[in-house]
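Presented below is the structure to which this report refers.
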Amino acid sequence: PDSGRLFRLLATGAERAFVLECGEGPQGRLKIARKGIGRFTITVRGRPSHAGADFEHGISAILELSYLVQQLFALNDPARGITVNVGTIDGGLRPNVVAPTAEAVVDVRVPTAAAARALEDALRGIRPTLEGAMLEVSGGYGRPPMEAHPRNRSLLAAAIRLGRELGLSIGDAGLVGGGSDANTTSLFTATLDGLGPVGAGSHAVDERVDVDLMPERSALLALLL
């Protein structure tokens, strides 16, 4: 978040951007399209009451959230590259109190700017099921989608051609679910991602890099420069 403003500023005056995130798979495939990433927090407000003496007077935010979670998961469309995941939920005060508030934090991944707008509209358009319950949606997209613009495709073609000169068979990784700074630079200039090392186990305890392949990755970057 802190560097995003600087990347946007620099990318507007750059002819192209090379991003040294890891290559995809054992072949180190390059990336010209990444999903956009959003995080939304949905807060439900009900009405507290004593769960024994005055149960019917309450409006359970937890019950409302249970309906909401099902609506959120129903927004998933894997065939179109859209995922919606309720990652955490929290709420309530005590077992003997009808819950006055509850909250869900939602991770969304989208392939295009159009899909991002449509999904955000759907999230903000959800209405409560229980009479008297209220919803508040906050958050947004931290990384915009990196789409496979023609300028990105042209840069990929150049990398594939130069890779052949080095005896490398490097292809297109396709649409990638994770985000990087390429999501930002691609809005302003031709961007090629995945030029970094080849390895496996990203973010896992066995994350590793194939050191023997580092020279050829460096050579490819040098030719591109």
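Smallest separation of non-hydrogen atoms from A104 and L65: CB-CD1, 3.7 Å. The minimum heavy-atom distance linking P144 with L187 is given by the pair CG-CD1, 3.6 Å. The shortest heavy-atom contact between L192 and L224 is CD2-CD1, 4.1 Å. Minimum interatomic distance between G46 and A61 (heavy atoms only, all atoms of both residues): N-CB, 3.9 Å. Of all non-hydrogen atoms in I170 and G28, the two that sit nearest each other are CG2-O, 3.9 Å. Between L93 and P100, the shortest heavy-atom contact is CD1-CG, 3.8 Å.
At least one donor-acceptor pair closer than 3.5 Å links the side chain of T189 to the backbone N or O of A14. With hydrogens and angles ignored, the 3.5 Å screen pairs a side-chain donor or acceptor of R124 with a backbone N or O of V137. Side-chain N or O atoms of S154 include none that pairs as donor or acceptor with a backbone N or O of P150 at under 3.5 Å. Using a distance-only test at 3.5 Å, with no hydrogens or angles considered, a donor-acceptor pair links the side chain of R47 to the main chain of H57. Side-chain atoms of R151 come within 3.5 Å of backbone atoms of S186 as a donor-acceptor pair (strictly under, hydrogens ignored). A side-chain donor-acceptor contact under 3.5 Å links E147 to the backbone of A113. Checked by atom type and distance alone, the side chain of E207 pairs as donor or acceptor with a backbone atom of H203 at under 3.5 Å. A donor-acceptor contact shorter than 3.5 Å is absent between the side chain of S3 and the backbone of L6. For K35 (side chain) and G81 (main-chain N/O), a donor-acceptor pair under 3.5 Å exists by modelled atom type.
Within 6.0 Å of CG in D90 there are 12 or fewer heavy atoms belonging to other residues, nucleotides or ligands. The local environment of CG in L75 is crowded, with over 12 non-hydrogen atoms from other residues, nucleotides or ligands closer than 6.0 Å. Within a 6.0 Å sphere centred on CZ of F55, other residues, nucleotides and ligands contribute 12 heavy atoms or fewer.
At a threshold of 4.5 Å between non-hydrogen side-chain atoms, the residues D210 and P197 do not count as touching. At a threshold of 4.5 Å between non-hydrogen side-chain atoms, the residues E64 and T129 count as touching. Within the 4.5 Å cutoff, the side chain of L68 has heavy atoms near those of the I42 side chain. For the pair L166/L220, a side-chain contact is recorded, criterion being any heavy-atom separation below 4.5 Å from C-beta on. Between V69 and S66 the shortest side-chain heavy-atom distance does not fall below 4.5 Å. Considering only heavy atoms from C-beta on, P145 stays 4.5 Å or farther from N183 through its side chain. Residues V98 and H50 are not in side-chain contact: their nearest non-hydrogen atoms beyond the backbone lie 4.5 Å or more apart. Within the 4.5 Å cutoff, no side-chain heavy atoms of V44 are placed close to those of E103.
Partners of R29 under the side chain to side chain contact (heavy atoms under 4.5 Å, CB included) rule, at least two apart in sequence or in another chain, are E24, Q27, A173. Take R208 and apply the side-chain hydrogen bond (donor to acceptor under 3.5 Å, both in side chains) test, not counting sequence neighbours, and it matches D206.
Considering CG of L155 and CG of L30, their distance stands at 9.0 Å, rounded to 0.5 Å. In this structure, CG in L195 is found 6.5 Å from CZ in R217, a value given to the nearest 0.5 Å. How far OG1 of T185 is from CG of L10: 10.5 Å, rounded to the nearest 0.5 Å. Note: N85 CG to L72 CG = 10.0 Å, rounded to the nearest 0.5 Å. Between the OG atom of S138 and the CG atom of L123 there is a distance of 11.0 Å, given to the nearest 0.5 Å. The structure places CD1 of I59 at 7.5 Å from CG of L130, a figure rounded to the nearest 0.5 Å.
Both L156 and F18 belong to a single network of hydrophobic side chains, linked directly or stepwise wherever heavy atoms of I, L, V, M, F, W or Y lie under 4.5 Å apart. The cluster map of Ile, Leu, Val, Met, Phe, Trp and Tyr, joined by side-chain heavy atoms under 4.5 Å apart, puts F73 and I82 in the same cluster. Cluster annotation: I32 is not connected to V19 through the hydrophobic network of ILVMFWY side chains, with a link wherever side-chain heavy atoms come within less than 4.5 Å. Connection of V105 to I126 is not established within any shared hydrophobic cluster, with ILVMFWY side chains joined at heavy-atom distances below 4.5 Å, either directly or through further cluster members. I89 and L63 are members of different hydrophobic clusters when ILVMFWY side chains are connected at heavy-atom separations under 4.5 Å.
The list of ring-ring contact (aromatic ring centres under 6.0 Å, His included) pairs with a residue in residues 126-171, not counting sequence neighbours, reads F40-Y141.
Each of R34, R143, K31, E21 was evaluated against S180; a single residue qualifies, R34, per the side-chain hydrogen bond (donor to acceptor under 3.5 Å, both in side chains) test.
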